[in-house]
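In what follows, chains are A, B, ... by sequence order, proteins preceding strands, each numbered from 1. Just so we're clear, the structure is a prediction, and the values are computed from it rather than from any experiment.
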2 protein chains.
Amino acid sequence: MPRVHREQQILGAAVEEFGRHGYAAASMAEIARRVGVTKPLLYTYFGSKDGLCTACVDRIGPQLLEAIERAMASKPPESGLPHTVLTALFQALEGQRHAWFVLYDRTLPPGSEPWRAARRHREAVDELAAAGTAALLHAQGNDDARDADALKHIWTGTVSALLGWWISHPELSAQDMSARCARLLAAIRNGA
Amino acid sequence: MPRVHREQQILGAAVEEFGRHGYAAASMAEIARRVGVTKPLLYTYFGSKDGLCTACVDRIGPQLLEAIERAMASKPPESGLPHTVLTALFQALEGQRHAWFVLYDRTLPPGSEPWRAARRHREAVDELAAAGTAALLHAQGNDDARDADALKHIWTGTVSALLGWWISHPELSAQDMSARCARLLAAIRNGA
DNA sequence: TCGGTAATTTACCTCTTGGTAAGTTACTGC
DNA sequence: GCAGTAACTTACCAAGAGGTAAATTACCGA
């Protein structure tokens, strides 16, 4: 099998493994086993566990960023921004639902290379969210930067929660999730 | 030092370690080092890593449950239920902000004893949240059980996000957080 | 004073895991 | 056909993890 193809195959398995179990609990041998290959191949292709994890992060980060940017640019006016972004995320993550948690993995060793890479990509994603939260607060006369930052965290926490819930309901499609989120967001808006 | 006292000391360090790094990345030797004690003592007192982690979970679970129950029972009418619960959580977790993530640790080995214990306590906590989400949806004519379940996840995700944000702002007190959340919840209510 | 027990450590074992060196297979261009 | 290279495996190493047996210290009651 040609190298580039094999690399993509490995990355797919690695994203699933890192996302499902977290960095520390993910095992190189297990990733190799899932691909049907032996460990040294992973090391000749990606150098180290850190290298493979960083490659995963560098693959997922831009995917998500582009999905969100595209969705925000072509936002249908009848739908709210949060729902638009969620729909785009569900579409981008269908087939690799664990990928989100590779980026938002609290167990990455602080200071390590994958940690820095993940933080970098998260910041890019979060920047888009930050614009939304700051605008929402500003419209209500609140210009506290920390409030906007905390609200941004609530948003990403909500996304994480929804993706976690989606993972535990494998039979639901991205469209199902999108429709459900439309209801839930409306409910929050109307009655929190 | 008497055993019961030492056990509490160990539990405190272990909660911090497990909560901060997750089960897999947490190290028994490191926990021992932080307490200023050697590894075998941990094993004579708690049997195994699983045993220690389960003890942590069994300590935190009831603490949180009681804090939430007490808050819900004595809810001041002028404040919303979410804010009441958040305030109680901040108070209960001041001084052990990582504890929440011991209970909500996605890296616990599925099927293991700490995993089962954490799930049990989470269910007890979530049951209280479920009542709230189901009521909110029911008031709007939505009786979909899955919607209520997903909304419950959004709620716990929001709590996780706020605690994560609090951890990255160590200088803020529980009261600071409570006040901030009052603003944020109002902002969400008014303008999502 | 002495025996027993609780608290704790030293030194060790074992197993897993990340990581590597060397060899093997198989294709490709000349 | 054959050299060379890309794809891949076997067999192994070193370090760190969880875990344990045995020894030590210190206290307390008889």
| field | Shortest side-chain distance from A/R3, nucleotide among D/dT10, D/dA21, D/dA7 | value | D/dA7
| field | Distance in angstrom units between B/R6 CZ and D/dT25 C1', rounded | value | 14 Å
| message | What is the separation between atom CZ on B/R33 and atom P on D/dG16, rounded to the nearest whole Å? | response | 15 Å
| For chain A, the stretch of DNA chain C it reaches, first to last nucleotide, under 4.0 Å of its heavy atoms | C/dG18 to C/dA21
| request: Using only heavy-atom distances, determine whether the side chains of B/H83 and B/S178 contain a donor-acceptor pair under 3.5 Å. | output: yes
| query | Between the side chains of B/W100 and B/S160, is a donor N or O closer than 3.5 angstrom to an acceptor N or O? | reply | yes
| query | Which part of the nucleic acid does B/A26 contact within heavy-atom distance under 4.0 Å: base, sugar-phosphate only, or nothing? | reply | sugar-phosphate
| request: Pick base, sugar-phosphate or nothing for A/S27, based on heavy-atom distances below 4.0 Å to the nucleic acid. | output: sugar-phosphate
| task | Figure out the CD/P separation between B/E30 and D/dG18, and round it to whole Å. | result | 11 Å
| D/dC8 C1' sits how many Å from A/I10 CD1, rounded? | 11 Å
| request: Mind checking the CG-CE spacing from A/L163 to A/M177? Nearest 0.5 Å is all I need. | output: 7.0 Å
| message | In this structure, how many angstroms lie between the C1' atom of D/dA6 and the NE2 atom of A/H5, rounded? | response | 17 Å
| query | Residues two or more places apart in sequence or in another chain: which of them pass ring pair (Phe, Tyr, Trp, His ring centres under 6.0 Å) with A/F46? | reply | none
| task | May I ask you to check whether A/Q91 and A/Q175 show a side-chain donor-acceptor distance below 3.5 Å? | result | no
| query | Out of D/dT10, D/dA7, D/dG18, which has the shortest distance to the side chain of B/M28? | reply | D/dG18
| said: Applying side-chain hydrogen bond (donor to acceptor under 3.5 Å, both in side chains) to B/R183 and A/Q140, what does each step give before you reach the verdict? | reply: CA-CA 10 Å; B/R183 289 198 299 274; A/Q140 304 181 29; over 6 Å; no
| said: For A/D50 and B/T44, find the nucleotide of DNA chain C closest to each by heavy atoms; which residue's nucleotide sits nearer the 5' end? | reply: B/T44
| message | Pick the closest DNA chain C nucleotide for B/M1 and for A/K39 by heavy atoms, then say which residue is nearer the 5' end. | response | B/M1
| request: Would you indicate what B/A32 reaches in the nucleic acid, counting non-hydrogen atoms under 4.0 angstrom: base, sugar-phosphate, or nothing? | output: nothing
| Are OP1 or OP2 of D/dT20 and a side-chain N or O of B/Y43 less than 4.0 angstrom apart? | no
| B/L41 CG to D/dG19 C1', straight-line distance once rounded to whole Å | 14 Å
| Under 3.5 Å, is there a donor-acceptor pair linking the side chains of A/D50 and A/S48? | no
| request: Report which part of the nucleic acid B/Y45 touches: base, sugar-phosphate, or nothing (heavy-atom distance under 4.0 Å, all strands). | output: sugar-phosphate
